Amino acid sequence: MGHWLMIHAHWLFGDQLGPVFTAADDGGPPADAPLLMIESRSVFRRRRFHRAKAHLVLSAMRHRAAELGDRVSYVKADSYREGLREAVGRKPVTVHHPTSRAAAALVTSLGNVTVLPPRGFLVSREEFASWADTHGHGGLRLEQFYRHVRREHDLLMDGGEPAGGRWNLDHDNREPPPQGVRKLGAPAPYRPREDDIDAEVRHDLDRWERAGDVSFVGRDGPRRFPASRREALAALRRFVEYRLAGFGAHEDAMLAADPALSHSLLSAPLNLGLLHPAECVERAEAAWRAGEAPLNSVEGFVRQIAGWREYVWHLYWYFGEEYRRSNALRHTAPLPSWWDELDADAVTARCLSTALRQVRDTGWTHHIPRLMVLGSYALQRGWDPEALTDWFHRSFVDGYDWVMLPNVVGMSQYADGGRMTTKPYTSGGAYIDRMSDLCGDCRYRPDRRVGEDACPFTAGYWSFLHRHRDLLRGNVRTAGPVSGLDRLRDLPELLRQEHDRGDRAP
């Protein structure tokens with residue numbers, strides 16, 4: 001402990017697990033600074049997390065501690081404050097800016113903690129604020145920010161122009177799945193092998209649950225996502241070498257028997273800090289320049305990480321804490337118990353039961369089931385966006401407050417009234433039918449809006465438009481569908497049907 005007395009300890013949160021968070025350059029902790037990690041039981045008491053998420057986070061923390069060896073003091077405590085007192089008392093500590101407002105408020109309230117700038121992202125807070133202050137008069141839109149990041153960080157650029165002559169290749173990346181296939185046929189994603197640390201974590205979680213100390217939802221095991229830097233790099237390498245080439249065209253498709261398709265599954269290690277976004281996009285670009293992956297796949301991947309992920313991170317801070325309570329549509333309905341419990345077996349609608357089952361069993365789905373199945377259903381039913389944000393945070397292995405707040409309040413639920421997107425993202429069953437194989441064996445028909453076989457998404461879509469027709473008729477992107485309400489002769493029957501459905505599982 002003598003070394004701890006001479007130099008400030010540096011605190012690592014559970015999503016600051018990669019080497020960038022201990023690097024001494026640019027104001028980081030000294031190379032010989034002792035490190036501190038705190039495993040706080042109260043984190044799991046406050047929210048009912050997915051069991052696989054709790055397992056992944058604790059496994060990743062303990063794997064990192066094992067790597068760091070004697071350099072780290074790993075404290076298991078009831079709370080962060082208690083753990084900090086136990087480890088260092090009132091001695092000075094440094095920490096890189098945490099990723100949540102709650103954690104940021106905690107560390108700034110502690111007199112012995114010095115907060116260093118955030119790490120793990122491409123764009124600094126100052127750079128984003130400067131860009132947003134310049135562009136915010138017309139609404140902050142991803143496309144303009146994405147182009148800014150590409151230019152400033154020289155990503156997929158040929159001189160001053162985008163590689164291939166176009167910034168956006170979305171048009172090439174919205175193909176439905178091939179007809180008649182159950183699986184896309186992509187090489188399998190990386191899968192880690194569990195070890196003694198995983199067994200120890202699972203034993204502890206079982207013990208805490210038996211004692212009634214914590215409670216989880218969902219299923220745990222085997223672990224599907226990297227919990228160490230070595231595993232994360234192996235997953236990145238596997239994706240770039242074997243799966244990136246096939247990613248683009250079908251990135252918006254859904255197949256019941258193939259939930260991963262060609263997706264990278266890198267969001268969890270990225271959000272744990274095990275990977276840095278720069279190394280991900282640079283490897284993808286190198287694959288394109290070497291002729292190993294087509295531009296549409298690489299651009300789609302770069303857009304997800306250097307565009308959307310950065311955009312969401314910065315909007316979380318830029319919009320302020322009041323953004324959490326945004327509710328432009330005045331949706332207040334509580335989440336039904338079958339949804340909160342991930343009870344996929346209670347659901348008949350095949351697309352919704354499939355998405356809920358994927359979440360229940362793995363804590364993950366890709367972005368289209370999140371947005372156009374789970375999010376769309378909640379939006380159509382008028383569920384409370386703040387409660388839904390908490391559900392996504394708890395239920396997904398890659399879910400953190402900064403991730404889910406803008407994604408749910410802004411993108412999915414339009415609760416911010418358009419500060420983040422130009423329209424509500426919801427649809428009838430025809431979209432799901434076109435982009436998936438989920439409607440064929442379903443008892444509901446995507447082209448029916450009234451009756452026993454009425455698709456809950458098709459009926460819900462028209463009910464949603466009717467409920468908000470005054471607002472949506474003034475939006476150029478939704479005015480057309482709203483005008484279609486006047487041509488629905490069965491609208492009164494449809495509205496009665498949806499009222500009677502209530503919050504029952506469809």
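Basis for what follows: all heavy atoms, side chains included, without hydrogens, waters or symmetry-related copies. This is a predicted model, so every value here is computed, not measured.
Using modelled atom types and a 3.5 Å distance limit, the side chains of Thr348 and Arg443 yield no donor-acceptor pair. If you check the side chains of His393 and His50, you find no donor sitting under 3.5 Å from an acceptor. If you check the side chains of His63 and Asp195, you find a donor sitting under 3.5 Å from an acceptor. Side chains of Thr332 and Asp384: a donor-acceptor N/O pair is absent below 3.5 angstrom, by distance only. A donor-acceptor pair shorter than 3.5 Å can be found between the side chains of Arg309 and Asn271. Looking at Asp416 and Ser326, their side chains never bring a donor and an acceptor atom within 3.5 Å of each other. With no hydrogens or angles considered, no side-chain donor-acceptor pair links Tyr444 and Arg448 at under 3.5 Å. Using modelled atom types and a 3.5 Å distance limit, the side chains of Thr422 and Arg477 yield a donor-acceptor pair.
The CZ atom of Phe247 sits 10.0 Å away from the CG atom of Leu261 when rounded to the nearest 0.5 Å.
Between Glu498 and Arg501 there is a salt bridge, with a side-chain nitrogen of the basic residue lying less than 4.0 Å from a carboxylate oxygen of the acidic one. Under 4.0 Å is where a charged nitrogen must lie from a carboxylate oxygen, and between Arg166 and Asp172 at least one such pair does. The pair Arg445-Asp453 does not count as a salt bridge, with every side-chain nitrogen at least 4.0 angstrom from each carboxylate oxygen. Using a 4.0 Å cut-off between charged nitrogen and carboxylate oxygen, Arg202 and Asp206 do not count as a salt-bridge pair. Salt bridge status for Arg101 with Glu321: present, with a side-chain N to carboxylate O gap under 4.0 Å. Under the 4.0 Å criterion applied to side-chain N and carboxylate O atoms, Arg496 and Asp500 are not assigned as salt-bridge partners. Arg174 and Glu251 are not joined by a salt bridge, as no carboxylate oxygen comes within less than 4.0 angstrom of a charged side-chain nitrogen. By the 4.0 Å N-to-carboxylate-O rule, Arg394 lies close enough to Asp340 to be salt-bridged with it. Checked for salt-bridge contact, Asp437 and Arg182 miss the test: no charged N lies under 4.0 Å from a carboxylate O. Ion pairing between Arg360 and Asp343 fails under the 4.0 Å rule for side-chain N and carboxylate O.
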Check step by step if side-chain hydrogen bond (donor to acceptor under 3.5 Å, both in side chains) holds for Gln358 and Thr365. CA-CA 6 Å; Gln358 290 169 3; Thr365 66; 5.1 Å; no
From CA spacing to verdict: salt bridge (charged side-chain N to carboxylate O under 4.0 Å, His left out), Asp345, Arg357: CA-CA 8 Å; Asp345 297 331; Arg357 185 171 293 108; 3.5 Å; yes
Determine, stepwise, if the pair Phe128 / Phe145 fulfils ring-ring contact (aromatic ring centres under 6.0 Å, His included). CA-CA 9 Å; Phe128 182 84; Phe145 173 67; 5.3 Å; yes
Phe121/Trp402 under ring-ring contact (aromatic ring centres under 6.0 Å, His included): CA gap, chis, key distance, verdict: CA-CA 13 Å; Phe121 295 88; Trp402 72 267; 5.3 Å; yes
Asp258 and Lys183: CA distance, side-chain angles, deciding distance, salt bridge (charged side-chain N to carboxylate O under 4.0 Å, His left out) verdict: CA-CA 5 Å; Asp258 190 3; Lys183 296 188 176 183; over 6 Å; no
Arg193 and Glu231: CA distance, side-chain angles, deciding distance, salt bridge (charged side-chain N to carboxylate O under 4.0 Å, His left out) verdict: CA-CA 9 Å; Arg193 292 183 179 179; Glu231 290 182 344; over 6 Å; no
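Counting heavy atoms from C-beta outward, Pro189 and Arg191 have side chains that approach closer than 4.5 Å. Considering only heavy atoms from C-beta on, Trp288 stays 4.5 Å or farther from Asn296 through its side chain. Counting heavy atoms from C-beta on, the side chains of Asp252 and Asn173 never come closer than 4.5 Å. A 4.5 Å side-chain heavy-atom check between Met435 and Tyr431 finds at least one atom pair inside the cut-off. Side-chain contact between His276 and Cys280 is absent, with no heavy atoms from C-beta onward closer than 4.5 Å.
Under the 30°/60° scheme for interplanar angles, the aromatic rings of Phe225 and Trp364 are found to be tilted. Between His263 and His366, the ring planes are parallel. Angles under 30° get that label, and only those over 60° would be called perpendicular. Ring orientation note: the planes of His468 and His331 are tilted relative to one another, at an angle of 30° to 60°. Below 30°, between 30° and 60°, or above 60°: for Phe301 and Phe239 the angle between ring planes is between 30° and 60°, a tilted geometry.
Listed by chain and residue number, nothing satisfies the salt bridge (charged side-chain N to carboxylate O under 4.0 Å, His left out) test with Asp15 (two or more places apart in sequence, or in another chain).
With Phe392 as the aromatic partner, Arg370 does not meet the cation-pi criteria of under 6.0 angstrom to the ring centre and within 45 degrees of the ring axis. Remark: Arg324 fails to qualify as a cation-pi partner of Tyr316 under the 6.0 Å distance and 45° angle criteria applied to the six-membered ring. Both cation-pi conditions hold for Arg381 and Tyr377: the charged atom is under 6.0 angstrom from the six-membered ring centre and inside a 45 degree cone around its axis. Judged by a 6.0 Å distance limit and a 45° cone about the ring axis, Arg303 is not positioned over the six-membered ring of Trp308.
If you run side-chain contact (heavy atoms from CB on, under 4.5 Å) between Phe457 and each of Asp433, Ile432, Thr426, only Ile432 comes through.
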